[in-house]
Novice: 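The structure follows.
Letters A, B, ... mirror the listed sequences (proteins, then strands); counts begin at 1.
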Amino acid sequence: MSDSDDDIPLVKRLAAPPAKSTPKPTPKPAAKPAAVQLQSKPRDNGASKKKQETEDEDDDEDNEESEESASSSESDDEGSESDVPLSKRRKSKSPGAASTGAKRKRATQQKESAKRSRRDPSSSKSGQLMWKTLRHSGVLFPPEYEPHGVKMLYDGKPVNLTPEQEEVATMFAVMKDTDYMKKPVFLKNFWEGFKEILGKNHAIKNLDKCDFTPIYDWHMAQREAKKTMTKEEKDRIKKEKDEKEGKYKVAYVDGRCEPVGNFRVEPPGLFRGRGEHPKMGKIKRRIYPRDITINIGEGEAIPEHPYPGQTWKEIKHDHTVTWLAYWKDTISSKDYKYVFLGATSTFKADSDLAKYEKARKLKDLIVDVRKNYERDWENSDHKKRQMGVAMYFIDKLALRAGHEKDDDEADTVGCCTLKVENVDLEPNNKVKFDFLGKDSIRYENVVEVHPTVYKNLERFRKIDATGKKKKPGDQLFETFDAQDLNKELKNIMDGLSVKVFRTYNASITLDRLLAELEESKMGAAAQSVDEKKADYDSANKEVAILCNHQRSVPKTHTNQMEKIQEKLQILNTELKELEEELAAVQKGKSDGKKASVESLLSKIEKKKQAIFKVELQARSKEDLKTVALGTSKINYMDPRITVAWCKRNDVPIEKIFNKSLLGKFNWAMDVEPSFRF
DNA sequence: ACGAAGACTTGTTCGGAACCTA
DNA sequence: TAGGTTCCGAACAAGTCTTCGT
């Protein structure tokens, strides 16, 4: 096995960002082989250079603001330590003295994890303690429902509703112009819930005869009214809100002041599932203190709540977890809603770093990993062969693991749950994937695979391990599931799981593309910062495509494109006019109007540049209309790659990371410019 | 061994603020 | 200065993966 040709990395699917779940038989031009993809080298065995920088990259005295987000307004409780916060935790580094060669690398890694040690979720399986002291104010409840008294119509006539009934009717009414209104499942689920709230003998017997427009109109009017508020009013309201919320925004962990992520209890509403979710339209009922479990340090004040007579469901003092509160989801009894600390918190930063370090560890093993699964393609054991092929997809295409799902969830798949019908074979070892993945986002891709994989797939699609014939809806890989696969991965590397491959592939791709870009621009004319940013974005885009991060086409897209075209048209005619004018002046060799010629020329030049710019804008807008760059930036691309690149290329990091990203990635800011993933 | 519980990450969308531009 | 974009953060749904209980 292991023909060299298949450590060719990840296909780049430059072409073809597909539409969302709209099934459509696009005969997309297959993968665009494009220039890029050769060099399978820099990525693999990075054994060469790499980290000597780990040294400081890790002793980040990170931490961030949070101070100001802390309610400066209120002295949140005497808390003496409110001023202790931010500052170095994590004592100094271990003494340098790295040994030599491979050994040294090892050592560095260990040092890292040692430093991270406690309070790092991912390296802290099971009973690890995450905190010593924990203090916070609990959660903020949404306001109680205030009846508006607007009557909906039934059979053309106004009906009286109790506040509870009206509340639910209003939830529905305000969704008037969403697509949910066209979905039978949504309507059915809503009606069932509504019916129940109405009670047996209610005049309303049938959703079809309901007319919610009066409520809808009222709602829209409210919205308008809000818009026309004066500045002062708005400011006042905002101030009041901030005051009320201030104390919930921070928590104190081991004395440190840390931001809380989502301290608000979710308000009641209609469940908006993605894709064809069987539960869409169900009523998500109001959550009360009696539903909520609080996790807080022993001896700390128990958070208050505005419901006299009620108590929290439970008060816990669990030091092994990072959540502050949770409640059971009312839509799906097996789901939980948690209140966690924010993205800039120590908990999150630590685990973020750990995530990327794990992916880098995989990088050092990837050659062997590939050899292994390639070998498995020819294993006599059917299961081994299937696993080998699955691993190939996960590695090459960055697919998600794909766990089993219940019938009461949207029918989506990942690698391990692919069905026969999701994978079509085409000539020349081409495989066409077409399935709905997470969030029911469609994954559509045609990839050339290794011939052995192709052969295996032919069989996996036809018959199962026992030789029984398969149907289109059957599992492609019937011999194992995501858990089995992860178990296998544990044998290769501690903590390795399927998702690490996605992180690894995204990061290594960014790293490689940026390096290639830099190389290709060597000696070329200096680029402006904007041009460099465009380069970065193009690399970002490839990663996003690899991970299939899509977004729906903005509603105004077509409109805007038209506008741009118009603009372009105008610019072009203006250019033409200028050129004609120039020609005329030149021909008429008019009265020594030299100056005029010159100024015309410069005008023409300017016009051309303007046109170029608009064209570029148009192209990139069209290009990115279905690609979401943000997700990979936030979750997959090691920020140290970006920071180092910025340093090397004199691009201010603020050009690439917005404020919240800067906060989130504070831990990566002082990486060496030479950092490579 | 296996399914359910539990906890944490990843993902898209939405609404408001900031920013442009005519 | 209104009106439209773009940018961002909040919201919350939907994944992943480990642990727990039987």
Side-chain angles (χ1 to χ4, degrees), chain A residues 20-21 121-122 124-128 130 142 178-179 223 226-227 234 238 245 259 261-267 269 271-275 277 279-280 284 293 295 318 320-323 326 328-329 331-343 347-348 351-352 354-355 400-406 409-410 412-417 436-441 481-487 489-490 495-503 506 544 547-552 554-557 559-560 563-564 567 621 626 628-636 657-661 663-664:
Chain A
K20 301 210 70 147
S21 14
S122 38
S124 75
K125 305 303 112 184
S126 71
Q128 267 280 359
M130 304 300 288
T178 68
D179 286 349
R223 253 195 186 177
K226 221 176 181 181
K227 274 190 209 154
K234 282 185 188 165
K238 186 148 187 276
E245 299 181 351
N262 54 323
F263 50 82
R264 252 175 272 270
V265 173
E266 291 177 13
F271 176 69
R272 294 149 112 102
R274 318 253 170 92
H277 197 118
K279 294 194 169 181
M280 64 171 77
K284 194 166 72 167
T293 298
N295 194 35
D318 188 343
T320 70
V321 296
T322 67
W323 53 264
Y326 82 74
K328 274 243 163 99
D329 185 36
I331 296 295
S332 163
S333 59
K334 61 179 195 299
D335 285 341
Y336 301 78
K337 302 287 192 166
Y338 290 90
V339 173
F340 289 117
L341 293 185
F347 286 154
K348 301 291 190 191
S351 87
D352 220 25
K355 172 180 75 183
R400 295 186 189 83
H403 290 83
E404 321 280 309
K405 299 192 73 183
D406 283 352
E409 299 174 283
T412 63
V413 304
C415 185
C416 298
T417 43
L436 297 185
K438 179 173 176 179
D439 292 305
S440 293
I441 297 291
D481 64 17
Q483 244 147 285
D484 299 326
L485 202 49
N486 277 332
K487 207 173 291 171
L489 290 175
K490 296 284 171 296
L496 187 60
S497 63
V498 171
K499 82 196 262 292
V500 180
F501 283 79
R502 243 167 108 77
T503 310
C547 296
N548 200 36
H549 290 144
Q550 298 187 233
R551 59 171 185 160
S552 49
K555 283 194 178 53
T556 54
H557 180 79
N559 220 320
Q560 284 170 215
K563 268 188 195 162
I564 292 180
K567 200 161 151 194
K621 180 165 243 154
T626 59
L629 298 186
T631 311
S632 49
K633 227 182 202 174
I634 295 171
N635 298 304
Y636 287 105
F657 288 159
N658 65 34
K659 198 171 144 235
S660 69
L661 253 19
K664 176 174 157 82

Novice: Indicate, with a heavy-atom threshold strictly under 4.0 Å, whether A:K405 touches base, sugar-phosphate, or nothing.
Specialist: sugar-phosphate
Novice: Would you say B:dT10 has OP1 or OP2 under 4.0 Å from some side-chain N or O of A:K355?
Specialist: yes
Novice: Could you measure the distance from the CH2 atom of A:W323 to the CE atom of A:M130? Nearest 0.5 Å is fine.
Specialist: 13.5 Å
Novice: Do the side-chain N or O atoms of A:K337 get closer than 4.0 angstrom to the phosphate oxygens (OP1, OP2) of C:dA13?
Specialist: yes
Novice: More 5' along DNA chain B: A:K328 or A:R272, using each one's nearest nucleotide?
Specialist: A:K328
Novice: Would you indicate which nucleotide in C:dC12, C:dT18, B:dA7 comes nearest to any side-chain atom of A:R274?
Specialist: C:dC12
Novice: Please determine if a side-chain N or O atom of A:H403 lies less than 4.0 Å away from the OP1 or OP2 oxygen of C:dG15.
Specialist: no
Novice: From CG of A:L341 over to P of B:dA7, roughly how many Å is that when rounded to an integer?
Specialist: 15 Å
Novice: Using OP1 and OP2 only, check whether a side-chain N or O of A:N486 sits under 4.0 Å from C:dC17.
Specialist: yes
Novice: Which letters describe nucleotides 17-22 of chain B, given B = protein heavy atom under 4.0 Å from base, S = only from sugar-phosphate, - = neither?
Specialist: ------
Novice: Does a side-chain heavy-atom distance below 4.5 Å link A:Y326 with A:N295?
Specialist: no
Novice: Can you find a donor-acceptor N/O pair under 3.5 angstrom joining the side chain of A:K499 to the base of B:dT9?
Specialist: no
Novice: Without decimals, in angstroms, what is the distance between A:I634 CD1 and B:dT13 C1'?
Specialist: 13 Å
Novice: Whole Å only: how far is the CE atom of A:M280 from the C1' atom of C:dA13?
Specialist: 12 Å
Novice: Determine, for nucleotides 4-10 of chain C in 5'-to-3' order, which nucleotides have protein heavy atoms under 4.0 Å from the base (write B), from only the sugar-phosphate (write S), or from neither (write -).
Specialist: SSS-SS-
Novice: Send over the distance from A:N635 CG to B:dG11 P, rounded to a whole Å.
Specialist: 6 Å
Novice: Rounded at 0.5 Å granularity, tell me how far SG in A:C547 sits from CG in A:N635.
Specialist: 9.5 Å
Novice: Report which part of the nucleic acid A:P554 touches: base, sugar-phosphate, or nothing (heavy-atom distance under 4.0 Å, all strands).
Specialist: nothing
Novice: Atom CZ of A:R223 and atom P of B:dC14: how far apart are they, to the nearest Å?
Specialist: 11 Å
Novice: Please confirm whether the backbone N or O of A:K337 pairs with a side-chain atom of A:D329, one donor and one acceptor, at under 3.5 Å?
Specialist: no
Novice: Send over the distance from A:W323 CH2 to C:dT19 C1', rounded to a whole Å.
Specialist: 15 Å
Novice: If you compare every side-chain N and O of A:R502 against the phosphate oxygens of B:dG11 (OP1, OP2), does one of them come in below 4.0 Å?
Specialist: yes
Novice: Starting at the 5' end of DNA chain C and moving along, which residue's nearest nucleotide shows up first, A:F263 or A:A401?
Specialist: A:F263
Novice: Rounded at 0.5 Å granularity, tell me how far CZ in A:R264 sits from CD in A:E245.
Specialist: 4.0 Å
Novice: Does a side-chain N or O from A:S497 land closer than 4.0 Å to OP1 or OP2 of C:dC17, or not?
Specialist: yes
Novice: Between A:Y338 and B:dT9, is there a contact of a side-chain N or O with OP1 or OP2 at under 4.0 Å?
Specialist: no
Novice: Reckon A:F271 touches a base, only the sugar-phosphate, or nothing at all at heavy-atom distances under 4.0 Å?
Specialist: sugar-phosphate
Novice: May I ask you to say what A:K664 touches in the nucleic acid, namely base, sugar-phosphate or nothing, with a heavy-atom cut-off under 4.0 Å?
Specialist: nothing
Novice: Hey, is the side chain of A:R400 poking within less than 4.0 Å of OP1 or OP2 on B:dG11, counting only N and O atoms?
Specialist: yes
Novice: Start at the 5' end of DNA chain B and walk down; is the nucleotide closest to A:Q483 or to A:V321 reached first?
Specialist: A:Q483
Novice: Looking at every strand, decide which applies to A:K284 at a 4.0 Å heavy-atom threshold: base, sugar-phosphate, or nothing.
Specialist: sugar-phosphate
Novice: How long is the straight-line distance from NZ of A:K664 back to CG of A:N658, given to the nearest 0.5 Å?
Specialist: 11.5 Å
Novice: Measure the NZ-CZ distance between A:K438 and A:R274 for me, rounded to the nearest 0.5 Å.
Specialist: 9.0 Å
Novice: Any chance you could measure A:E404, atom CD, to A:T417, atom OG1, to the nearest 0.5 Å?
Specialist: 7.0 Å
Novice: Expressed as a whole number of angstroms, how long is the span from A:D484:CG to B:dC2:P?
Specialist: 8 Å
Novice: Taking only N and O in the side chain of A:H277, is any of them less than 4.0 Å away from OP1 or OP2 of C:dA14?
Specialist: yes
Novice: How long is the line joining NZ of A:K334 and P of C:dG15, in whole Å?
Specialist: 11 Å
Novice: So, using ring-ring contact (aromatic ring centres under 6.0 Å, His included) as the criterion, who are the partners of A:F340 when residues are at least two apart?
Specialist: A:Y338
Novice: How would you label the contact of A:G630 with the nucleic acid (heavy atoms, under 4.0 Å): base, sugar-phosphate, or nothing?
Specialist: nothing
Novice: Which atoms form the tightest heavy-atom contact between A:F271 and A:I331, and what is the distance?
Specialist: CB-CD1, 3.6 Å
Novice: Please confirm whether the shortest side-chain N or O distance from A:T631 to OP1 or OP2 of B:dT12 is below 4.0 Å.
Specialist: yes
Novice: Does a side-chain N or O from A:T322 land closer than 4.0 Å to OP1 or OP2 of B:dA7, or not?
Specialist: no
Novice: For a quick test of reading the model, state the closest non-hydrogen atom pair linking A:M280 to A:G275 and the distance between them.
Specialist: CE-O, 3.2 Å
Novice: Side chain of A:D318 only, heavy atoms from C-beta on: which candidate in C:dT18, C:dA13, B:dA7 is closest?
Specialist: B:dA7
Novice: So, does A:K405 use its side chain to make a donor-acceptor pair with the main chain of A:A410 at under 3.5 Å?
Specialist: yes
Novice: Look at A:S552 and B:dT12 and indicate whether a side-chain polar atom (N or O) is within less than 4.0 Å of OP1 or OP2.
Specialist: no
